[in-house]
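Before any comments, here is the structure.
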Amino acid sequence: LLHAQQGRQYDIMEESNHTAWVGHYVEDTAMLPETVDLVQAQKLPWAAQFLRGFESRDDKYNAICWEPRSDVTPIEKQEEHPGSQVSWHPGNRSHQWQGRKLALIVLKGLAAALEQWEKGIEKDGFPLAESYWHVGPSYKKIRENIRTHMSKNDTRSQCDGL
């Protein structure tokens with residue numbers, strides 16, 4: 001869903017006549033194994049530890065301000081941990097989980113593009129024809145589909161002028 005002003009929501013796939021390119025970004029952690037305690041956590045893959053269930057403050061944040069080095073002595077005293085590690089914040093492990101999901105969307109899109117390019121070269125030869133890599137016409141089609149559908153429903157937003 002696309003959230004707009006005044007509490008309106010739009011289903012971007014419906015609005016674009018199913019032409020928009022949308023990654024399926026899932027915020028649900030139900031797919032992750034539950035961490036029960038510190039002992040059981042060690043049996044889980046590192047990337048899945050402490051993201052659902054039992055929380056360990058040290059593992060939730062897993063952050064330091066300064067990595068001790070033999071070649072550098074900081075002029076000012078370094079804090080042991082970064083500030084703002086408050087109880088309501090999900091911690092850097094949660095941000096890492098979100099980043100990994102976004103990275104997978106990008107990688108999946110890249111793999112699909114490379115497959116399309118490979119098929120294009122097999123079909124039309126080398127060099128790859130512009131129609132396989134230039135997205136301008138696709139963007140125009142998506143924008144026009146959204147503009148047409150939204151104007152039928154008289155639900156224009158500030159984005160409509162872009």
Side-chain angles (χ1 to χ4, degrees), residues 1-35 40-56 59-67 69 71-72 82 84 89-162:
L1 291 177
L2 176 67
H3 298 280
Q5 292 178 339
Q6 300 168 344
R8 293 186 194 143
Q9 292 183 341
Y10 302 102
D11 180 338
I12 195 69
M13 290 307 292
E14 186 67 31
E15 303 290 348
S16 67
N17 196 25
H18 300 277
T19 57
W21 299 341
V22 180
H24 297 285
Y25 184 75
V26 178
E27 295 203 29
D28 186 16
T29 59
M31 67 185 77
L32 296 169
E34 185 173 359
T35 302
Q40 179 261 359
Q42 300 308 311
K43 297 175 185 170
L44 297 175
W46 184 87
Q49 294 174 0
F50 306 106
L51 288 172
R52 191 171 144 243
F54 178 82
E55 285 187 354
S56 160
D59 290 298
K60 177 180 178 179
Y61 293 103
N62 190 20
I64 60 173
C65 285
W66 177 259
E67 183 66 41
R69 296 172 47 181
D71 61 331
V72 176
S84 300
H89 193 279
N92 67 308
R93 295 293 297 269
S94 176
H95 290 296
Q96 191 174 43
W97 164 242
Q98 304 299 336
R100 286 182 172 145
K101 291 187 296 183
L102 288 172
L104 286 173
I105 290 172
V106 171
L107 290 172
K108 187 171 176 115
L110 180 60
L114 292 173
E115 286 176 19
Q116 181 176 346
W117 291 1
E118 186 175 31
K119 289 176 185 174
I121 291 172
E122 287 173 3
K123 180 181 176 193
D124 298 331
F126 187 82
L128 181 66
E130 185 177 295
S131 62
Y132 290 100
W133 60 266
H134 197 276
V135 296
S138 298
Y139 283 172
K140 285 180 184 176
K141 181 179 178 184
I142 293 167
R143 280 194 304 266
E144 188 56 37
N145 283 335
I146 290 173
R147 200 172 282 123
T148 301
H149 186 275
M150 291 180 130
S151 64
K152 284 181 186 175
N153 295 320
D154 195 31
T155 55
R156 293 177 188 235
S157 71
Q158 292 177 356
C159 297
D160 192 41
L162 299 177

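We're numbering straight along the sequence, starting at 1.
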Backbone N/O of A41 and side chain of Q49: donor-acceptor pair under 3.5 Å: yes
For [X] versus [Y], what's the shortest heavy-atom pair and its separation?
| X | Y | answer |
| --- | --- | --- |
| I64 | P82 | C-CD, 3.9 Å |
| A30 | R52 | O-NH1, 3.8 Å |
| A48 | L32 | CB-CD2, 4.3 Å |

Approximate separation, where rounding is to 0.5 Å, of Q116 CD and L128 CG: 8.5 Å
Heavy-atom side-chain contact between R93 and E55 under 4.5 Å: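 When only atoms from C-beta onward are counted, E55 and R93 do not touch, as no gap falls below 4.5 Å.
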For R69, salt bridge (Lys or Arg N to Asp or Glu O under 4.0 Å) partners two or more places apart: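 R69 satisfies salt bridge (Lys or Arg N to Asp or Glu O under 4.0 Å) with D71 once adjacent residues are dropped.
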Pairs flagged by side-chain hydrogen bond (donor to acceptor under 3.5 Å, both in side chains) wherever residues 128-141 is involved - sequence neighbours left out: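 Found D124-Y132.
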Those residues that, when tested against E144, pass side chain to side chain donor-acceptor pair (under 3.5 Å) (two or more places apart): T148
Return the set of residues passing side-chain contact (heavy atoms from CB on, under 4.5 Å) with [X] (not counting sequence neighbours), or none when no residue passes.
| X | answer |
| --- | --- |
| V106 | none |
| Q40 | T35, V36, D37, L44 |
| L114 | L110, W117 |

